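Notes to accompany the following structure.
Since this is a predicted model, take the numbers as computed values, not measurements. The chains referred to below are lettered A, B, ... by the order of the sequence lines, with proteins before strands, and numbering in each begins at 1.
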Amino acid sequence: MELNQYLEVFIEESKEHLQSCNDHLLELEKNPDNLSIVNEIFRSAHTLKGMSATMGYEDLASLTHKMENVLDAIRNGRIAVVPEILDVVFLAVDHLEEMVQSIASGGDGKRDVSDAVAKLQLIEQGETTLSGNAEKKNSLPAASEAEQAAYNDFDEFELTVIRQSKEQGFGAYQATVALREDCLLKAARVYMIFEVLEKSGEVIKASPPVEQLEEENFDHEFTVVILSKESPEEIMAKIMKVAEVESAVVNEILLLEESTAEDRQNQPDQDSVTETLVNEQTASPQQDEKRSEKKQNHANKTIRVNIERLDILMNLFEELVIDRGRLEQISRELNNSELHETVERMSRVSGDLQSIILNMRMVPVETVFNRFPRMIRQLARDLDKKIRLDIIGAETELDRTVIDEIGDPLVHLLRNSVDHGVEKPEERRRKGKSEEGTVILRAYHSGNHVFIEIEDDGAGISKEKVLEKAISKGIITSQAAEGFSDRQVYELILSSGFSTAEVISDISGRGVGLDVVKNTIESLGGSIAIDSKENEGTIFSIQLPLTLSIISVMLVEIEKEKYAIPLTSIIETAIVKSGDILNAHNQKVIDFRGKVVPLLFLKEIFEVPADGEKDEQFHSVIIVRKGDKMAGLVVDSFIGQQEVVLKGLGNFLNNVFAISGATILGDGKVALIVDCNALIK
Amino acid sequence: MTEALLPDVKFIVFQLTDKEYAIPVSEVKSIEKVQHITRVPHALPFVQGVINLRGVVTPIIDLRKRFGLEVKDYDDTTRIIIVAAEDKEVGLIVDAANDVIDLSADSIEPPPEIVGSHAADYISGVAKLDNRLLVLIDLENILGEGEN
């Protein structure tokens with residue numbers, strides 16, 4: 001079999017499964033008693049093992065197998081979930097990730113994993129010595145052989161689920177389905193049967209397990225346990241309607257309390273105790289899990305498209321947008337109503353097309369966020385801190401171009417919060433806070449922007465310390481420091497050559513980090529703001545544009561040159577009389593709705609060649625903002641609003657002052673895009 | 001420069017004032033007529049601006065300015081040679097581009113030692129062909145110092 005064509009799928013899916021392992025392991029650490037999480041991890045590991053064995057990556061398969069053994073032991077309650085064991089499992093997952101990475105980059109997926117294997121084996125062996133006792137314990141509640149048989153090998157929480165459903169009036173049935181000998185697509189039939197069953201109730205168990213059924217890893221017969229309000233006859237009739245089913249037998253499952261009520265009296269204590277306990281704890285997550293699985297099935301109706309193709313599509317569409325601009329211009333000039341209508345229609349259609357293409361490129365921030373829980377856990381352990389990471393709004397979508405860039409800055413900020421923000425447990429206790437610090441990573445949409453916030457409930461930023469440091473490092477003078485607002489002080493920590501932690505640690509670096517963060521975010525057309533309260537915590541708030549490729553701008557004219565100003569930074573446009581311009585400290589300002597706003601003459605800033613002085617009575621002004629600061633940009637005239645495709649100036653011209661890029665206008669000429677952030681200081 | 005050492009390399013010949021210059025074909029992407037150039041404020045003085053080269057915004061260098069020669073208005077023969085070096089793509093404004101020739105390695109000599117003009121820094125060699133003298137330009141130096 002030619003496996004190469006499956007390689008891509010294999011790598012993608014392996015990554016997904018490993019990610020799910022990671023996520024669930026973290027969850028398990030928080031709720032060590034929730035066995036449904038172990039099941040989830042086990043399922044991922046199992047699939048991964050199957051896939052890698054099929055693809056011939058034996059190392060990957062064998063390490064997964066070892067890990068699976070440990071998970072199995074946890075699942076059966078033979079090993080307790082403690083951080084040390086999870087460390088080993090995490091180590092194994094790390095190795096697996098590396099192996100998949102190596103396969104993805106064309107390697108053979110081989111790797112020295114003896115340490116992880118040895119540790120896993122140690123746990124497993126430790127478990128076997130323990131398991132003797134555990135089994136004895138296990139055998140106690142199961143009073144007699146007869147009862148055991150009635151349970152039909154259900155494990156404890158399957159039993160609880162059955163019991164609970166019975167209380168709610170559901171019947172529990174065991175359906176044995178046999179497919180015809182000559183059935184060709186067994187997996188498909190299984191799928192259809194499951195679909196039928198899912199409609200009438202909930203399938204809680206299958207033997208052989210669902211994975212094997214899907215892989216056609218069974219003879220011709222399989223058994224499922226279903227909870228349903230329908231009668232066994234109805235269910236049987238429904239199964240028989242599926243083609244190629246030889247026979248179906250549906251029996252009601254009789255539980256212990258119904259069948260052997262007397263026996264139960266002999267063993268009332270242990271049985272009922274475990275029963276009620278498990279009842280509360282596991283039954284509901286079990287059902288939730290089922291539901292979420294169903295949701296997943298629904299969401300899985302997608303196809304994978306190579307990113308390159310999407311990029312090509314985007315480029316082609318950009319060309320179309322340029323032509324659209326050109327057509328609009330021509331139609332305005334010609335003033336032909338029929339042409340006008342057609343162009344307008346085309347604009348609308350291409351507008352819809354644009355939003356679809358942009359949507360296609362949207363990726364949930366989850367893809368970036370999902371590596372953080374692991375990172376925070378590791379950092380917290382390294383630093384002896386207790387930290388909980390809450391992620392809110394991971395489903396918020398951002399353009400892929402932004403997603404690719406945002407990872408590193410977020411890592412920096414999170415490390416910063418963990419290292420400098422959240423205090424050590426003893427210090428937190430002294431301050432009367434709970435020992436466990438909380439870091440909240442929040443993402444949400446607002447208007448044309450996405451906001452990502454990193455909030456911690458740690459020590460906050462000490463204004464005095466920041467100022468002291470900034471003055472001693474020569475970033476500001478002590479005179480300048482006096483007039484600084486809180487926010488300006490906080491922003492100092494984003495300037496280069498600044499580090500507030502008294503002890504420099506290898507975690508958040510040497511103060512080179514945060515200014516890089518700021519630069520990256522600003523180069524993405526975003527901004528970063530800091531808010532902090534001493535001893536209460538700090539919030540870093542990042543504002544990002546939804547997409548980087550197509551933006552709305554206001555086109556303006558200065559002499560004969562055209563410039564584009566991003567609509568996102570414009571508050572409004574105004575016409576100002578010469579007489580209304582005031583002078584303050586050699587700076588021309590206007591009074592704009594009760595606020596003093598400095599005026600910037602773009603003609604001077606951009607050194608536009610002028611043909612003679614013009615003494616104008618009125619000035620066209622565009623009020624722009626950066627954060628809560630404003631400025632008025634004086635231009636010659638407004639041309640209008642337009643959607644343009646953002647283009648770079650090429651590698652030769654990087655870092656041009658106050659120009660963030662260029663765009664091609666309808667007439668084929670290049671217009672420069674003004675970077676308002678650089679103009680407002 | 002490495003191309004210059006190989007036998008028979010094709011060169012594009014262009015003119016600036018009354019001198020002829022040459023640049024290896026492998027470094028040239030296309031030759032364009034002059035079109036609207038958008039000025040870029042605060043760029044280096046020899047950067048004339050950017051043009052729209054079939055959807056790609058491309059920076060333009062005026063070679064006369066780069067070499068410290070007297071500036072002349074563009075006319076019908078003025079051409080923009082689009083060159084690519086490393087990861088940069090740039091257009092060079094020249095007075096005219098009118099010839100493609102083959103040069104063998106032994107016809108190329110190292111640049112003269114005398115530092116006569118400002119242009120000397122951008123020369124990688126000199127080639128004699130019959131009674132023509134061609135100056136081979138060093139693209140990397142021309143673009144290299146343009147970085148800020």
### Query
What part of A/Val670 lies closer than 4.5 angstrom to a heavy atom of chain B: side chain, backbone, both or neither?
both
#### Entry: Side-chain donor or acceptor of B/His42 paired with backbone N/O of A/Ala658 under 3.5 Å
no
### Message
Is A/Leu649 close to chain B through its backbone or its side chain, or both, or neither, when contacts mean heavy atoms under 4.5 Å?
### Response
both
### Task
Check whether more than 12 heavy atoms from other residues, nucleotides or ligands sit under 6.0 Å from atom CG of B/Asp75, and answer yes or no.
yes
### Task
Would you check if B/Pro41 and A/Val608 make a side-chain contact, meaning some heavy-atom pair closer than 4.5 Å?
no
### Message
Test your reading of the model: is there a side-chain donor-acceptor pair from B/Thr38 to the backbone of A/Ala671, 3.5 Å cut-off?
### Response
no
#### Entry: Heavy-atom proximity to chain A below 4.5 Å, by part of B/Val40
both
### Value rounded to 0.5 Å, distance of OG1 in B/Thr58 from CZ in A/Phe652
12.0 Å
### Task
With a 4.5 angstrom heavy-atom cut-off, could you sort out which part of B/Ile37 is near chain A: side chain, backbone, both or neither?
neither
### Message
How about NZ on B/Lys72, more than 12 heavy atoms from neighbouring residues, nucleotides or ligands closer than 6.0 Å, or not?
### Response
yes
#### Entry: Donor-acceptor pair, side chain of B/Arg39 and main chain of A/Glu561, under 3.5 angstrom
no
### Candidate pair A/Leu672 and B/Val50, rule side chain to side chain contact (heavy atoms under 4.5 Å, CB included), full reasoning
CA-CA 9 Å; A/Leu672 301 177; B/Val50 289; 4.3 Å; yes
